[in-house]
Structure formats: structure tokens, C-alpha cells
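Values in this document were obtained by computation on a predicted structure and should not be read as measured data.
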Amino acid sequence: LHLHWINWWLDLPSFFDTLPASLPIVWTLHDMNPITGGCHHHDGCEHFHSQCGNCPQLKYPRSNDVSRLGFEAKKRAYRGKNIHVVTPSRWLQRQVEQSDLLSDASSVRTIYNGLDTKKFAPIDRVTARRELGLPLDKTVLGFGAVSLGNRRKGLREFITSVSQIKNASDFICLGFGDADASELQKQLPQFRTTGYLSTARELALAYSASDVFVLPSFAENMPQMAVEAMACETPVAAFDVGGIPEIVIPGKTGSLAPLGNCNELAANIQGMIDDPNVRQELG
């Protein structure tokens with residue numbers, strides 16, 4: 001049996017109760033929910049190492065709150081099952097190994113997500129920009145998420161970083177994903193949006209039209225957008241968090257700034273803007 005993201009789909013206690021102890025279960029994790037009392041990202045909390053409770057993400061945390069009850073329910077559900085855990089990043093593998101919930105797992109290993117490099121491949125930049133209606137004489141800073149309004153995707157940090165970049169008239173910010181375009185146009189010097197993109201071709205166009213892909217997330221497992229951008233030969237400027245440093249290698253495939261350090265992220269972006277040769281080499 002191979003499980004992926006099943007939160008809200010299955011009632012874990014009754015579901016696992018139907019499975020024989022000998023049945024091999026491969027569970028590919030896409031966030032931290034299977035190893036916590038309920039949260040999908042721990043945001044620095046380490047309660048999941050031993051037993052949740054007093055959850056900082058709850059409005060009224062207490063020792064026997066819903067995170068404790070969820071933790072204990074999962075512990076009972078997993079007990080005695082032949083579970084093999086797969087994580088898309090070594091970062092998430094370390095989190096699994098630190099959690100008491102899957103401490104009895106039969107195995108834990110990292111298998112990175114695949115990518116179709118025939119679909120995600122560089123498109124001629126002039127062609128990509130013409131199709132998207134972007135100017136040819138400006139630097140394009142791409143950034144995106146399924147929802148740019150998701151706080152963990154770092155839109156606020158992106159705006160703070162971009163505001164420090166010199167010569168605002170020389171670059172354009174290209175956002176792809178659901179967003180409030182009218183609000184972003186007030187906060188960013190020059191902003192265009194593609195809206196939500198649903199096909200690999202549309203995404204490859206956006207990545208190829210960009211000179212730099214900026215990933216200011218402050219919670220990530222293994223962001224596929226970074227890998228997609230790199231497959232389209234676009235370097236990535238990101239925060240050093242989660243699984244990102246496993247693929248964004250400073251000086252080789254992009255640049256990393258300490259988590260939340262907008263000054264350094266801005267400096268890294270500025271360096272790529274100022275030196276097209278560096279951008280090309282990293283791409």
C-alpha cells in the first residue's frame with residue numbers, strides 16, 4: 001500500500017485498524033502532518049519530538065489540547081504496522097527521525113521528487129517574453145506559489161527585499177499564482193502577473209522569461225518550483241530553510257540568504273541583476 005497526502009481524506013485510527021500488521025505500507029510524506037499532533041509545519045516548535053500539547057499554533061493552547069489528542073491517536077494507529085517512510089528531502093527525513101510518532105518505522109529514506117525535463121526545459125527568452133507580453137530590455141524577477149497569499153511563501157519578505165534593489169525602473173516583478181494583483185501593484189515598483197498557471201508549458205514560459213527566480217519561503221519541504229526553475233536554466237535566490245539548501249547550492253545553482261534576512265536576499269538578487277554572466281553560469 002502506497003500512501004501520499006491523506007489528511008482530511010481518511011480517518012487514521014479506523015483506516016489503519018483495517019490493515020494487517022504484515023502489510024508493507026510505503027508512506028511518502030509531503031509535509032509534517034503525519035509526524036505531529038496536527039500541524040503541517042512545526043514553525044520551530046519541537047513538541048512533536050516526544051509528545052504534542054501546548055501547541056503554539058492554537059489560539060488557546062493547553063497541555064491536553066487537540067494537538068496532544070491527535071498525537072496520541074496517531075501513535076495508537078501506527079503501533080504494530082509495517083510502515084516504510086519516504087521523504088522528498090533529507091530535511092524532512094531528519095524531522096521524521098526526531099519524532100516519536102514514527103520511531104518504530106521499518107525504514108526511513110529520502111527519494112527526491114522526479115521532474116520531466118522534456119516539459120521543464122529552457123525556452124528562448126525572447127520568445128517567452130513576447131508570449132507573455134513582457135519587455136525585452138528589463139530584468140525580470142520571477143516569484144510564485146499556488147497561492148501567493150500563503151504567509152509561509154514569504155510574499156512580505158519578497159516585497160521588503162525588492163524594495164532595496166537599486167534602479168527600480170530597470171526590472172519587473174513577475175508573479176505567478178493566485179494573488180491580489182491590484183494590491184501588489186501598489187507595493188511593487190513594476191509588477192505583472194500571469195495568474196494561476198496549470199500546465200508545464202505555461203510554467204516553463206514564466207521561468208524562461210525570468211532572469212532570477214526568487215523563493216522567499218520560510219517553511220518548505222522540497223519546493224518543486226525551485227527545481228522547475230533550475231531545469232529551465234533560471235537561477236534561484238532563496239532563504240536557507242527546509243530542503244532548499246539540498247538543491248540551491250550557492251555559487252553553483254543560485255544563492256541562499258539566512259532565513260528571514262531580507263537585506264542579504266536583496267543583496268543576492270542585486271548581484272545577479274548586476275552581472276548577467278553570473279546569472280548565466282548559475283542557470
(request) Could you check Gln270 against Asp274 for side-chain hydrogen bond (donor to acceptor under 3.5 Å, both in side chains), going step by step and ending with a plain yes or no? (result) CA-CA 6 Å; Gln270 186 76 64; Asp274 293 343; 3.1 Å; yes
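- Annotation for Glu97: atom CD counts as buried by contact number, over 12 foreign heavy atoms lying within 6.0 Å.
- Of all heavy-atom pairs spanning Ile269 and Ala237, the tightest one is CG1-CB, 4.0 Å.
- Here the shortest heavy-atom pairing between Tyr112 and Glu246 reads OH-OE1, 2.7 Å.
- Relative orientation of the Phe213 and Phe176 rings is tilted, given thresholds of 30° and 60° on the angle between their planes.
- Between Arg129 and Asp211 a salt bridge is recorded (basic side-chain N to carboxylate O distance below 4.0 Å).
- Between Phe191 and Phe143, the ring planes are tilted. Angles from 30° to 60° get that label.
- Here the closest heavy-atom approach between residue Pro223 and residue Ile244 is recorded as CG-CG1, 3.7 Å.
- Under a 3.5 Å cut-off, the side chain of Asn261 and the backbone N or O of Asn263 do form a donor-acceptor pair.
- When each of Pro61, Ser67, Cys39, Cys45 is checked for a side chain to side chain contact (heavy atoms under 4.5 Å, CB included) with Cys52, only Ser67 meets the rule.
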(message) ring pair (Phe, Tyr, Trp, His ring centres under 6.0 Å), that's the test. Do His2 and His4 meet it? Break it down for me.
(response) CA-CA 7 Å; His2 190 176; His4 282 271; 4.4 Å; yes
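- Atom CD of Gln280 has 12 or fewer heavy atoms from other residues, nucleotides or ligands within 6.0 Å.
- The environment of CZ in Arg152 is crowded: more than 12 heavy-atom neighbours from other residues, nucleotides or ligands sit within 6.0 Å.
- His30 has its side chain out of reach of Asn7: every pair of non-hydrogen atoms, C-beta onward, lies at least 4.5 Å apart.
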(message) side-chain contact (heavy atoms from CB on, under 4.5 Å), that's the test. Do Val96 and Thr87 meet it? Break it down for me.
(response) CA-CA 9 Å; Val96 172; Thr87 62; 4.0 Å; yes
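- A salt bridge is absent between Asp104 and Arg79: the closest approach of a Lys/Arg side-chain nitrogen to an acidic carboxylate oxygen does not fall below 4.0 angstrom.
- Across every non-hydrogen atom of Ala226 and Val236, the tightest pair is O-CG2, 3.9 Å.
- A salt bridge links Glu131 with Arg201: at least one charged nitrogen is closer than 4.0 Å to a carboxylate oxygen.
- Under the side-chain hydrogen bond (donor to acceptor under 3.5 Å, both in side chains) criterion, Asp170 pairs with no residue, sequence neighbours left out.
- Residue Lys119 places its NZ atom among 12 or fewer non-hydrogen atoms of other residues, nucleotides or ligands, all under 6.0 Å distant.
- Relative orientation of the Tyr78 and Trp27 rings is perpendicular, given thresholds of 30° and 60° on the angle between their planes.
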